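Take a look at the structure below.
Note that the coordinates shown come from a computational prediction; the quantities given were computed from them, not determined experimentally. When a residue number appears, it is its place in the shown sequence, counting from 1.
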Amino acid sequence: MLKKFVLAFGILALAVASAENYRVTLSQPSTVKGNQLKAGEYRLNLENLKLTMVSGKQSVEVAVKVETMDKKFDSTAVRYTGAGEKQAISEIRIGGTKTKLVFEEQSGL
């Protein structure tokens, strides 16, 4: 019985360890893969090239490309494409890491 518990706990720990969690603040309303996001703070959960952006009860899941850069980013930065209400997030650079999350080009812009 104890061996099963230890094995189950080990599997759970590996699953949790494989997910990466970050935070980002959107200073303006934004669009990601056609989903409207309000300005505010979002928790980012990255697992298996799927990014889940969560703020309060709002949750959006999108596919991303993860790139590892040569040096760490000093601060988190959000890059946009488009103009006006059609501004869409094109990438998020995670401060304190070498990680860049790239959103594939969105249609309709």
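Contact check for Y42 versus V60: no side-chain heavy atoms found under the 4.5 Å cut-off. Within the 4.5 Å cutoff, the side chain of V102 has no heavy atoms near those of the V64 side chain. Counting heavy atoms from C-beta outward, V66 and L49 have side chains that approach closer than 4.5 Å.
One finds the CG atom of N45 at 10.5 Å from the CE atom of M53 (value rounded to the nearest 0.5 Å). Interatomic distance, I92 CD1 to F103 CZ, rounded to the nearest 0.5 Å: 4.0 Å.
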Trace of the side-chain contact (heavy atoms from CB on, under 4.5 Å) decision for N21 with L44: CA-CA 6 Å; N21 298 297; L44 306 178; over 6 Å; no
side-chain contact (heavy atoms from CB on, under 4.5 Å) evaluation trace for N35 with V62: CA-CA 9 Å; N35 297 291; V62 295; 4.2 Å; yes
Residue pair R93, R79: steps toward the side-chain contact (heavy atoms from CB on, under 4.5 Å) verdict: CA-CA 8 Å; R93 298 174 178 193; R79 303 282 176 143; 3.0 Å; yes
Pair T52-S59, side-chain contact (heavy atoms from CB on, under 4.5 Å): steps then yes or no: CA-CA 7 Å; T52 305; S59 177; 3.5 Å; yes
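For K72, the side chain to side chain contact (heavy atoms under 4.5 Å, CB included) partners two or more places apart in sequence, or in a different chain, are K98. Evaluation of the side chain to side chain contact (heavy atoms under 4.5 Å, CB included) rule for S30 yields L26, Q28, Y80, I89 as partners, not counting sequence neighbours. By the side chain to side chain contact (heavy atoms under 4.5 Å, CB included) test, T97 is found to be paired with Y22, I94, T99, residues two or more places apart in sequence or in another chain being considered. By the side chain to side chain donor-acceptor pair (under 3.5 Å) test, E61 is found to be paired with no residue, residues two or more places apart in sequence or in another chain being considered. For R43, there are no salt bridge (Lys or Arg N to Asp or Glu O under 4.0 Å) partners two or more places apart in sequence or in a different chain. Residues meeting the salt bridge (Lys or Arg N to Asp or Glu O under 4.0 Å) test with E67, sequence neighbours left out: K65, K100.
Pairing each heavy atom of T76 with each of G95, the nearest pair is OG1-N, 2.9 Å. Across all their heavy atoms, S55 and E41 have their closest contact at OG-O, 3.1 Å.
Hydrophobic clustering, defined by side-chain heavy atoms of Ile, Leu, Val, Met, Phe, Trp and Tyr closer than 4.5 Å, groups M69 together with F73.
A continuous path of Ile, Leu, Val, Met, Phe, Trp and Tyr side chains, each step under 4.5 Å between heavy atoms, connects L37 with V78, placing both in one hydrophobic cluster.
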